[in-house]
Amino acid sequence: MIIIFWISIFLIVYTFVGYGFVLYILVKIKAIFNKPFSFKKEAVLPTVTVLIAAYNEEDIIEEKIENTLTLNYPKDKMQVIFITDGSSDSTAEKVRGFNDVTLLHEDTRAGKMAAIKRAIPFIQGEITVFTDANTFLNKDALLELVKHYQNPKVGAVAGEKRILVEEVADASSAGEGFYWKYESKLKKWDYELYSNVGAAGELFTIRTALYQPVESDTIIDDHMIAMRIAENGYIIAYEPGAYAMETASADVKEELKRKIRIAAGGIQSILRLKKAANPFHNPVFTFQYISHRVLRWTITPFLLFLVFILNAIIAVNTQSAFYQVFFVLQILFYALSLTGYYFESRNIRIKALFIPYYFCVMNYAVLAGIIRYYQKNQSAAWEKSKRKI
């Protein structure tokens with residue numbers, strides 16, 4: 001029992017903190033023996049297609065189009081496509097008002113991956129840029145992303161996601177903002193070691209010729225598109241100089257809905273990405289993939305429950321002061337999380353309580369996502385989450 005307890009503790013700490021330390025050390029060791037790839041400033045720019053799937057985004061779609069069309073990139077090398085399948089508001093009509101944009105619209109809503117598949121034959125760019133309708137890119141985003149394709153080993157490039165956090169933030173804003181800052185650091189080190197292990201739909205690119213068909217019922221399409229390319233031996237680069245900005249979810253309830261969907265998609269992707277999990281195919285990539293993704297999306301939330309129960313049993317049966325103190329600390333942590341929930345529900349802002357609360361929400365979302373996936377209750381149709389205004 002004690003052995004299982006400590007193995008569980010190790011895996012939990014490794015998943016959320018330890019992998020970051022290990023990654024940092026490995027990157028420093030690698031830097032001694034390998035120089036990073038050197039980019040040419042005067043390289044010929046490739047043609048790009050910016051692909052945006054939008055569902056009922058009438059309030060923000062014109063601002064998104066203007067943001068896209070004013071990016072620093074030669075206009076004769078940039079194609080912009082909007083897919084508005086299933087939109088029942090004025091999104092499609094507003095897109096039609098822009099001459100420099102191609103609109104693909106169908107009344108049927110079959111899911112984001114089905115919409116992307118329908119758009120593939122219309123893509124003309126050597127590089128395809130995927131970005132969400134509710135995010136805004138920095139001016140040089142495309143220039144920063146495409147420079148990585150000077151390296152022939154790179155098949156996809158992930159940009160950075162930034163959450164706009166208010167000075168007086170609630171749990172969804174503060175927790176999500178802190179989470180993505182930490183994620184961005186891990187992605188940076190992942191790439192410096194070898195490769196990223198996925199991409200976020202807010203902003204990522206691929207070599208169009210490397211696109212691999214992904215099942216239409218795919219829940220997290222961005223992750224699967226990038227990972228299929230990585231499974232074929234290409235690197236997923238990471239570029240923090242290209243970023244997509246968006247507001248946090250409207251509240252923790254909306255963030256939880258989004259996290260549960262991602263968790264269900266995570267389980268689906270793990271079952272389908274068999275090469276990525278095979279250490280004989282690419283041991284370094286598999287190490288990164290399991291450490292950064294698989295552990296989070298599978299056993300770690302269950303281990304949190306197991307550690308709590310085992311700790312209680314050991315503390316009672318051994319009368320050990322260490323295990324008793326450790327159990328009290330666990331109770332205190334979850335009490336802080338519940339207090340954070342209580343204050344959040346009453347619109348009281350105490351940032352110190354948001355981290356334990358958001359941590360518990362994230363792990364609950366994984367459990368709920370696993371259950372939802374196996375009950376087949378998760379649709380592939382993307383759900384528009386409410387964001388802060």
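In this text the structure is predicted, and so the values were computed from the model without any measurement. Sequential numbering from 1 along the given sequence is applied to the chain's residues.
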Asker: State whether Arg296 and Glu183 are salt-bridged, where the test is any N-O pair (Lys NZ or Arg NE/NH1/NH2 against Asp/Glu carboxylate O) under 4.0 Å.
Answerer: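 Glu183 and Arg296: salt-bridged.
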
Asker: Within the 3.5 Å criterion, strictly below it, is a donor on Gln79 or Thr49 matched to an acceptor on the partner's side chain?
Answerer: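 Yes.
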
Asker: Is the shortest distance from a Lys or Arg side-chain nitrogen in Arg118 or Glu106 to a carboxylate oxygen in the other one below 4.0 Å?
Answerer: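 Glu106 and Arg118: salt-bridged.
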
Asker: Hydrophobic cluster mates of Ile25, side-chain heavy atoms under 4.5 angstrom, ILVMFWY only, any path?
Answerer: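 Hydrophobic cluster check, Ile25: joined to Ile29, Ile32, Phe33.
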
Asker: Do Lys147 and Phe39 form a cation-pi contact, if we require the NZ or CZ to be under 6.0 Å from the six-membered ring centre and within 45 degrees of the ring's axis?
Answerer: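 Yes, Lys147 sits over the ring of Phe39.
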
Asker: Between Asp190 and Lys185, does at least one N-O distance fall below 4.0 Å, as a salt bridge requires?
Answerer: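 Looking at Asp190 and Lys185, the cut-off is not met.
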
Asker: Go through the steps to decide whether Asn72 and Asp140 satisfy the test side-chain hydrogen bond (donor to acceptor under 3.5 Å, both in side chains), and finish with yes or no.
Answerer: CA-CA 5 Å; Asn72 290 336; Asp140 292 331; 2.7 Å; yes

Asker: According to ring pair (Phe, Tyr, Trp, His ring centres under 6.0 Å), does anything in residues 184-222 pair up with another residue at least two apart or in another chain? List the pairs.
Answerer: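 Matches after skipping sequence neighbours: Tyr24-Trp189, Phe130-Phe204, His148-Tyr191.
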
Asker: Is it true that Lys30 and Glu192 have a side-chain N and a carboxylate O under 4.0 angstrom from each other?
Answerer: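 The answer is no: the pair does not qualify as a salt bridge.
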
Asker: Within 45° of the ring axis of Tyr149 and under 6.0 Å from its six-membered ring centre, is that where the NZ or CZ of Arg207 lies?
Answerer: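 No; the conditions do not both hold, so Arg207 does not lie above the ring face of Tyr149.
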
Asker: Check whether any side-chain heavy atom of Ile270 sits under 4.5 Å from a side-chain heavy atom of Tyr289, and report yes or no.
Answerer: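 Counting from C-beta outward, Ile270 and Tyr289 do come under 4.5 Å.
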
Asker: Whether Glu66 and Lys64 form a salt bridge (side-chain N of Lys/Arg under 4.0 Å from carboxylate O of Asp/Glu) is what I want to check.
Answerer: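 Here Lys64 does not pair with Glu66 in a salt bridge, since their nearest N and O are not under 4.0 Å apart.
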
